[in-house]
Amino acid sequence: MQYQDVVELAKRRGIFWPSFEIYNGLSGFYDYGPVGALIKDNIINTWKYIFVELEQMALIDSPNINPEEVLDASGHTKVFTDYITYCERCGEAYRADELIKKKMPDYEFTTYDDMVKKIEELGIKCEKCGGNLSRPEKFNLMLSTKIGPGKGKTSYLRPETAQGIFINFLPYLRYFREKLPFGVVQVGKGFRNEISPRQSLLRLREFNMAEAEVFFDPEYLEWKGFFQDMMDQRVRLLTNRGEDVELRLGDALKKGIIKQQPIAYFIGLTFRFLKNIGIDTERIRFRQHHPEELAHYSKDCWDCEVETSNGWIEVTGIADRNQYDLKQHIEHSGADLYILKKLETPKNIKVKRFKGNEEKLKSIFGNEWERAKKYLESLEVTNNQIIFQGKRIPEDAYSIIEYDEKEEYTKEIPWVIEPSFGIDRILLSLLEHSLYTRENTGYKVLRLKPHISPYKVAVFPLMPKDGLDKEARDIERILRTENFNVYYDESGSIGKRYARADEIGIPYCVTIDYQTLKDGTVTLRERDTTQQERLGKDELPEKLRRLILKCLTSI
RNA sequence: GCGGGUGUAGUGUAGCGGUUAGCACAGGGGCUUCCCAAGCCUCUAACCCGGGUUCAAAUCCCGGCACCCGCACCA
């Protein structure tokens, strides 16, 4: 089924549509309608079932708005700002820093004026036509806002939910009783000021993501999850060396195609999640990033891609974020985002430590001097330059002291592996994989699994008269009190109502007919086969519950 | 952001200077012998927005916005 068919259905039946349409719309923003919001929640609930219930990760919720410091530390403010220059003759766009780097490989951005000067000095022209280039324009891919009155505090709408987890590493470490590994997950919105949002839910400026940050002892990267047979799972892998293979995850690990066990496990978990919600498993693959496309924080990354009529689209990224983020936050905040590891045999050692000079540090860091001191004194003594909050700590601001110590603990920065899911793209590809045309009749059916379907059961009186409607209303009420999401419809012919229900993916339809009034039985119709069975109305809740639960739990 | 294309009821479309803006499906009401978008009657409902040209604009021109296809971008 084509993407256009999904968009048409989505708009007509209340799944999703462009936001702000009465004010001409705004690119990159979409509403979920009454049906879509239910489907989206069901996808998220399934995700939570797997990550929170089964894998025992901790669900948290942190703010959408992040102060500048957080994103300075994470590297986003720097990496997310591009300078774009255009050819004044042919209009070609370039990233200014990339152009300079081609002539000066060791170029690092310092200031805007310096960048402009370098372009002039190096005589950089349009690569295509040799025309003059315009003054570079700043483009920040994060949306900013100000907090509080007056000038306000510069803040950004978060580009990922991950930072909200990293910065609270210590409370989560306590929650898990100081034992690694553990996972913390968050479902929420992320924001990016995309240059050109496209194709409905594929590239949004405000989007839904579900992320897990899993913290490991760097010397022991292994996730012993719920699924003991995970390494037997077969998946299709595209390596960054160009191999395209289908392998057991265990074999991929053995062969070194996947380097870390947790990445293999989470690839398998992603596969099973997508399979469970109804993505066509023949159209799932995992593609390893090439070194040059890795994010600034990442050393290795596998994208899960799903094939749609728009080609293979990235729906999940499983990234080795290593120690990058915690290290950055340690350096910028001075917080001790470490784990303590007890040594098996304590060592008597001579320890060299930095000892900060208060006066000097005060003169460099002002109010921040205590944090600077704490950071300085937490470091191993090396010859490296010491940087705190971007400023170098000069050698005359500290001394090195030496003393004997019994070392019982060693401290380390945990290692992070991150599976990150784009909910909107998953929903869009699921709709495309689920929509089909019924043979013979030619009308559309959305083959959603019962636990993903917006409504679990539709209730129809064969005709809205002769007491059939009252009986149907009674059954509807009973099903609602049994906690089913019920769709009641009595308008139009019975065939029309089945068709309407099929189109938004309702898996079961209960019809009340004249026999119901005599013996209390109803017909239960299954969507994809259209087969009906007759059963007592009292048996409905148990029967439906079993059918729905089975779909959620077969993973 | 660039180039090309497209914007007409809820959806899909016809109309291409003068139409009561047509059709189909969907939706509301009614009738009906009612279990897979059945039939009949009836009703509701649209020219993306803003300028301009013209006696007259859905139609031609310009600008905006949105969508589609390429290019670029996508941490």
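Since the structure is predicted, the reported quantities are computational estimates derived from the model, not experimental observations. Below, chain A is the first sequence line, B the second, and so on; all start at residue 1.
Formation of a donor-acceptor pair under 3.5 Å by the A/E476 side chain with backbone atoms of A/V459 is not found in this model. Distance alone, capped at 3.5 Å, places no donor-acceptor pair between the A/E432 side chain and the A/V6 backbone. Between the A/E194 side chain and the A/P197 main chain, no donor and acceptor come within less than 3.5 Å of each other.
Proximity of A/Y3 to the phosphate of B/C68: a side-chain N or O atom is located under 4.0 Å from OP1 or OP2. For A/S493, no side-chain nitrogen or oxygen approaches OP1 or OP2 of B/C36 to under 4.0 Å.
Nucleic acid contact class of A/Q532 (heavy atoms, under 4.0 Å, all strands): base. Contact annotation for A/S491: backbone-only contact, meaning every heavy-atom pair under 4.0 Å involves sugar-phosphate atoms and none involves a base. If you check every strand for non-hydrogen atoms under 4.0 Å, A/D513 touches a base. Contact annotation for A/R438: no contact, since no heavy-atom pair falls under 4.0 Å across all strands. Residue A/R13 is classed as having no contact, given no heavy-atom separation below 4.0 Å to the nucleic acid. As judged by a 4.0 angstrom heavy-atom cut-off over every strand, A/P18 is placed among residues making no nucleic acid contact. As judged by a 4.0 angstrom heavy-atom cut-off over every strand, A/E503 is placed among the base-contacting residues.
B/G50 and B/A58 have their P atoms separated by 12 Å, with the value rounded to a whole Å. Distance check on atom C1': B/G63 versus B/A24 gives 35 Å, rounded to whole Å. Rounded to a whole angstrom, the distance from the P atom of B/C2 to that of B/U13 is 28 Å. Comparing the same atom, P, in B/G18 and in B/U59 gives a spacing of 11 Å after rounding to whole Å. Straight-line distance between the P atoms of B/A56 and B/G51: roughly 15 Å, to the nearest whole Å. For B/C23 and B/G64, the P atoms lie 37 Å apart once the distance is rounded to whole Å.
The side-chain tip of A/R287 does not point at the ring of A/W312 from less than 6.0 angstrom away and within 45° of straight on.
Rounded to whole Å, the distance from NE2 on A/H289 to C1' on B/C74 is 11 Å. A/L202 has its CG atom 10 Å from the P atom of B/C68, to the nearest Å. If you take CZ of A/R12 and P of B/A24, they are 17 Å apart, rounded to a whole angstrom. The separation between A/M463 atom CE and B/C31 atom C1' is 14 Å, rounded to whole Å.
Checked against the 6.0 Å centroid threshold, A/F51 and A/F273 do not count as a close aromatic pair.
A/E211 and A/R321 are not joined by a salt bridge, as no carboxylate oxygen comes within less than 4.0 angstrom of a charged side-chain nitrogen.
Within residues 65-74 of chain A, no residue has any heavy atom under 4.0 Å from RNA chain B. RNA chain B is contacted by no residue of residues 204-214 of chain A, taking any non-hydrogen atom closer than 4.0 Å.
A donor atom on one side chain and an acceptor atom on the other are not found under 3.5 Å apart for A/N193 and A/Y156.
Taking the six-membered ring for Trp and thresholds of 30 and 60 degrees, A/F16 and A/Y30 have ring planes more than 60 degrees apart, a perpendicular arrangement.
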